[in-house]
Structure formats: C-alpha cells, structure tokens
Peer 1: 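Input: one structure, supplied below.
This is a predicted model, so every value here is computed, not measured. Heads up: numbering here begins at 1 and tracks the sequence.
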Amino acid sequence: MTLSFKASMVGPSRVGKTTLITAILAETETMLAGSGISLAMGEETELRVRRNRRNLRRAVEGREFEASSLGGTQSMALYDVSLQAVGDSSVQIPFSILDYPGGWLDPDTRPQSTAAKESWAACEAHITESLMLLVPVEAAVLMEAVTPAQRRAAVDLLGFEDVQAMARKWAQARNQPEHREEPAVLVLAPLKCEKYFDDNGGQGRESARLRELVREKYRETVAVVNAEAKNRAIRVVYAPIDTYGCVDLIEGEWIQTVDVYGDPALDFRGHYRFREIPPVVRPKAAGTVMQELCRCVVAGQDVEERRRAAAAVAVYQQALERKVEPKGFWGAVDYYVSGEALANRNTRLDSRQTIVATAQRQQQLKAVLERIAKEPADQRVEEW
C-alpha cells in the first residue's frame, strides 16, 4: 500500500465531485507555477482528469454547456497526486483523495450495486483514515428550492442524512486516541456558485444568503462532528467554489419523478449558459482544498518536531523496509516532510553532488508546502 495523506469526498450523486477534483488540481497547478515544484498524478488519476478536462474543452469549443454531459463517477476512484520536485520524483508529498458514486452513500440503494458491495469497506476505511472530510453541496439546489415541496426534495438530493451519518463515523475515528493529535478539517463546499457571487466575472449578490443556508442546513452535521470529537479540535471551513467560473445558471427546473421506494418525488435540473464568448474556464476557491491539506501536513510537522524534542525519538533505520511498511499519519509526516525519505534515498546514493542537490530540492519542497499553507485564504472562505 502506498503511503499518502488521505482526504475523502462525501456527497450525493450528480453534485459535481469529479469536476471539483479537476478544479482543485487546476488551481493547485496555478499555485505551484514557477516554484520548482510540480503537481504529479498517478497514471489512472491522470487518465480520469484528462477525460474530464477533454469533456469540458468540448463544451467550451461547442459553446454549449450541459453539466450532466460531463459525466460522473461510476466506481470507487482514488485520485493519487503529489507535490513533487521537478526532476526528482523521490522528493514529494503524496495525497490520495477518494471519490465514489454518490448513490453508495444511501444504505437502501448500496446493496443493489455489486461494485458497492465489493468496495464499500475500502471506501469506509479510507474515509475514517482521512485528515479531511470534504462535503460538496450543489448550491443551486439549496438556493432555488423555494416551495415546501422543493425544500423537502432538497433533503434527499443533497443527502443530508447520509452525509451526516458518514461525518459521524469520520469524527468518531478522528477522536480515537491514536488520531487525536493529528490535524483534521471538515470542508463544506458549495459548488457551481457562479450565479451567486460578483467576484469572478458574475453579477450575483446572494453570497450572504448562500452562506446562511449552508449554516442552517449543515448546522446539525457540524454539531455531530463536534460532539463525536469532544476530545480534540476539528476545524470547520466554509469554501464556496466556482468549479467552472464561466457559466451562469439561467433556470432551475424541478421535475416530477419517483424515489427509490416508488413514491412521488422531485428532481432538480440546472440549465446553464456560458456568460462570455469565447468562454474562459476560471475556477475560484477550489485551491482551498489543497491549501487545507498542506496546512494539515505543516501542522503535523510542527507537532511531530515538538514530540521529537520531548521524547528524543531515535532515527529510523532499515531504509528499504521503512519505505513500504504502514506508518500512519505521523510516519507519513516523518517520511516525507521531516527528511526520512531523503535519508533513505541517500543511503543508496554514491554521489555526493547528487546528495547535496536532492537535499536542496527537499528544502525547496518544504518551503513551497509552507508557503501554500500560510497564504491567505480566498476572500470567500471562512473558518466556522
């Protein structure tokens, strides 16, 4: 098993989780531009991201935007990415972000999927081991639900109960003694917010109402997380994200349908248009996710350095065996940030010049990690 810092997305179907990942990675690449550190992706991750970027490019070139045409996740997917020194893949900080079909969250429909039955245990394990729980929220469903029937429908469309149940499990795991000193952050991320803000090319004036609706609808989830993690602190971050930055919601259509029990229900379909021709994709605040992950790693490094000083922890041995053995969060901090990965590699190098150059790249990576972590958050973002 590859050692990495874990994050998980927990949200219903069609909320836009896969497109959110693409926006996160795009903004991360912008943050890293010119730093000597690149965003590296695993082979399968690169294929998925390339596919989503290609579909978005097709929409841009065709001047027609239909969010549903961009597709969604059909199986469990791990987005394996790393911040990596250019020219030296051994100097890196790896992250693994979990995505999976939103329908798997519902215990009533999960047994109907063979893939869910095969992979759900692995999904739950990843979620409980995650430093970050990322909750994507379809902003339009919250904002455009105005009648009692529409507001009732939003409960299922946004999966309030299922998201809350998974947040409870995550917080319980974070509260275990072996995880209490690890950083943890819950990110509430309304998506496709372009209509409601005026700071990214739009003319919306409803950001305050969106914030208050998210506060209201997820108040209980936040309370559950705090109650279950009573022996530790969990940061709660509100991060409204423009996943495209070049579209406007022109109409929200509520459609009569039936739910999984065969009862009458409402579904929501957003109709969007490009706000400019030619369209320019410019996600906003998506980089908050990578910034928060970097903050977790830097905070963990600070704690580990204090632990080292207090306990005088011995230097790890057995370089080759250490690279593949399970280490948990603190081992990952040690291995990737505190220099053990570099030391292990140096035991296998016979060139002094190479050792010096690698050490410089390690320091460069650490500096970039700290810079990203300490940059001011986007003005939209709040810590609750």
Peer 1: Should Glu206 and Phe197 count as side-chain neighbours, where that means a heavy-atom distance under 4.5 Å?
Peer 2: no

Peer 1: So, Asp248 side chain and Ile250 main chain: donor-acceptor pair closer than 3.5 Å or not?
Peer 2: no

Peer 1: With no hydrogens and no angle check, is any side-chain donor or acceptor of Gln150 less than 3.5 Å from a backbone partner on Val146?
Peer 2: yes

Peer 1: Indicate if Val137 and Tyr100 have the same hydrophobic cluster label, given that clusters are the connected sets of ILVMFWY residues with side-chain heavy-atom separations under 4.5 angstrom.
Peer 2: yes

Peer 1: Mind running side-chain contact (heavy atoms from CB on, under 4.5 Å) on Val289 and Thr28 for me, showing each step along the way?
Peer 2: CA-CA 9 Å; Val289 173; Thr28 300; over 6 Å; no

Peer 1: Using side-chain heavy atoms (C-beta onward) and a distance below 4.5 Å, is Val10 in contact with Met166?
Peer 2: yes

Peer 1: Let me see the working for Arg273 and Val247 under side-chain contact (heavy atoms from CB on, under 4.5 Å), right down to the final yes or no.
Peer 2: CA-CA 5 Å; Arg273 67 180 175 191; Val247 300; over 6 Å; no

Peer 1: Which heavy-atom pair separates Leu32 from Leu39 by the least distance, and what is that distance?
Peer 2: CD1-N, 3.8 Å

Peer 1: Ile234 versus Val185: any side-chain heavy-atom pair under 4.5 Å?
Peer 2: no

Peer 1: Considering residues, nucleotides and ligands other than Glu251, do more than 12 of their heavy atoms fall under 6.0 Å from its CD?
Peer 2: yes

Peer 1: If we only count heavy atoms from C-beta on, is the Arg380 to Cys193 side-chain gap below 4.5 Å?
Peer 2: yes

Peer 1: Honestly, is Arg209 close enough over Tyr196, meaning NZ or CZ under 6.0 Å from the six-membered ring centre and within 45° of the axis?
Peer 2: no

Peer 1: Nearest 0.5 Å please: distance from the CG atom of Asp242 over to the NZ atom of Lys192.
Peer 2: 12.0 Å

Peer 1: Please answer whether the main-chain N or O of Leu78 pairs with a side-chain N or O of His126 as donor and acceptor at a distance below 3.5 Å.
Peer 2: no

Peer 1: To the nearest 0.5 Å, tell me how far Glu375 CD sits from Thr288 OG1.
Peer 2: 11.0 Å

Peer 1: When rounded to the nearest 0.5 angstrom, what distance separates OG in Ser8 from CG in Leu133?
Peer 2: 6.5 Å

Peer 1: Is it the case that over 12 heavy atoms from other parts of the model lie below 6.0 angstrom from the CD atom of Glu43?
Peer 2: no

Peer 1: Any side-chain to backbone donor/acceptor pair from Arg205 onto Gln203? Under 3.5 Å, distance only.
Peer 2: yes

Peer 1: Specify the closest pair of heavy atoms between Ser82 and Pro94, including all atoms of both residues, with the distance to one decimal.
Peer 2: CB-CA, 3.7 Å

Peer 1: For residues Ile255 and Arg269, determine if any side-chain heavy atom of one lies less than 4.5 Å from a side-chain heavy atom of the other.
Peer 2: yes

Peer 1: Honestly curious: do Leu157 and Val155 fall in one hydrophobic cluster under the side-chain, below-4.5 Å linking rule?
Peer 2: yes

Peer 1: Look up atom CG in Leu83 and atom CE in Met290, then write down how far apart they are to the nearest 0.5 Å.
Peer 2: 5.5 Å

Peer 1: Can you see which heavy atom on Leu131 is nearest to which on Pro183, and at what distance?
Peer 2: CD2-O, 3.6 Å

Peer 1: Heavy-atom count check: over 12 atoms from other residues, nucleotides or ligands less than 6.0 Å from Arg215 CZ?
Peer 2: yes

Peer 1: Could you tell me if the side chain of Lys195 sits less than 4.5 Å from the side chain of Met143, heavy atoms only?
Peer 2: no

Peer 1: Counting only heavy atoms not in Arg50 (residues, nucleotides, ligands), do more than 12 fall under 6.0 Å from its CZ?
Peer 2: no

Peer 1: Taking Val280's backbone N and O only, do any of them form a donor-acceptor pair with Glu276's side chain (distance below 3.5 Å, no angle check)?
Peer 2: yes

Peer 1: Ignoring hydrogens and angles, state whether a donor on the side chain of Glu382 or Trp384 is under 3.5 Å from an acceptor on the partner side chain.
Peer 2: yes

Peer 1: Heavy atoms only: give me the nearest Trp254-Ala153 pair and the separation to one decimal.
Peer 2: CZ3-CB, 4.0 Å

Peer 1: In chain order, what residues pass the side chain to side chain donor-acceptor pair (under 3.5 Å) check against Gln84, with sequence neighbours excluded?
Peer 2: none

Peer 1: Verify, without hydrogens or angle tests, whether Arg51 (side chain) and Glu46 (backbone) share a donor-acceptor contact under 3.5 angstrom.
Peer 2: no

Peer 1: Find the distance between CG (Leu191) and CD (Glu138) and round it off to the nearest 0.5 Å.
Peer 2: 8.0 Å

Peer 1: In terms of hydrophobic clusters joined by side-chain contacts under 4.5 Å, are Val15 and Leu56 together?
Peer 2: no

Peer 1: Distance alone, cut at 3.5 Å: any donor-acceptor contact between the side chains of His179 and Gln176?
Peer 2: no

Peer 1: Donor-acceptor pair, Arg219 side chain versus Val214 backbone, under 3.5 Å?
Peer 2: no

Peer 1: Which atom pair, heavy atoms only, marks the closest approach of Met31 to Arg371?
Peer 2: O-NH2, 3.2 Å

Peer 1: Could you tell me if the ring centre of Tyr272 sits under 6.0 Å from that of Tyr244?
Peer 2: no

Peer 1: Kindly indicate, with the supporting measurements, whether the criterion side-chain contact (heavy atoms from CB on, under 4.5 Å) is fulfilled by Val81 and Leu25.
Peer 2: CA-CA 9 Å; Val81 301; Leu25 300 184; 3.9 Å; yes

Peer 1: Is there side-chain contact between Trp104 and Cys123, with heavy atoms separated by less than 4.5 Å?
Peer 2: yes

Peer 1: Could you tell me if the side chain of Leu98 sits less than 4.5 Å from the side chain of Tyr79, heavy atoms only?
Peer 2: no

Peer 1: Using a cut-off of 6.0 Å, state whether more than 12 heavy atoms not belonging to Glu212 lie near its atom CD.
Peer 2: yes

Peer 1: Could you check whether atom CD of Gln379 has more than 12 heavy atoms from other residues, nucleotides or ligands sitting under 6.0 Å from it?
Peer 2: no

Peer 1: About how many Å separate CZ of Arg174 and NZ of Lys169, when rounded to the nearest 0.5 Å?
Peer 2: 15.0 Å

Peer 1: So, for Ile241 and Ala285, which heavy atoms are closest and what is the spacing to 0.1 Å?
Peer 2: CG1-O, 3.6 Å

Peer 1: Spell out, as yes or no, whether a donor-acceptor pair under 3.5 Å connects the side chain of Glu124 to the backbone of Ala121.
Peer 2: no

Peer 1: In this structure, would Tyr218 and Val224 fall into the same cluster of hydrophobic residues linked by side-chain contacts under 4.5 Å?
Peer 2: no

Peer 1: Without swapping roles, check the side chain of Arg295 against the backbone of Ala373 for a donor-acceptor pair under 3.5 Å.
Peer 2: yes

Peer 1: Is a donor from one side chain sitting under 3.5 angstrom from an acceptor on the other, for Thr18 and Asn52?
Peer 2: no

Peer 1: Dump the intermediate steps for side-chain contact (heavy atoms from CB on, under 4.5 Å) on Leu158 and Val163, then the final yes or no.
Peer 2: CA-CA 8 Å; Leu158 295 174; Val163 168; over 6 Å; no

Peer 1: Could you go through the salt bridge (Lys or Arg N to Asp or Glu O under 4.0 Å) check for Arg235 and Glu292 one step at a time?
Peer 2: CA-CA 10 Å; Arg235 294 180 64 242; Glu292 289 296 333; 2.4 Å; yes

Peer 1: Does Arg110 use its side chain to pair, donor to acceptor, with the backbone of Leu105 at less than 3.5 Å?
Peer 2: yes

Peer 1: Examine the side chains of Asp80 and Thr45 and answer whether a donor and an acceptor come within less than 3.5 Å of each other.
Peer 2: no

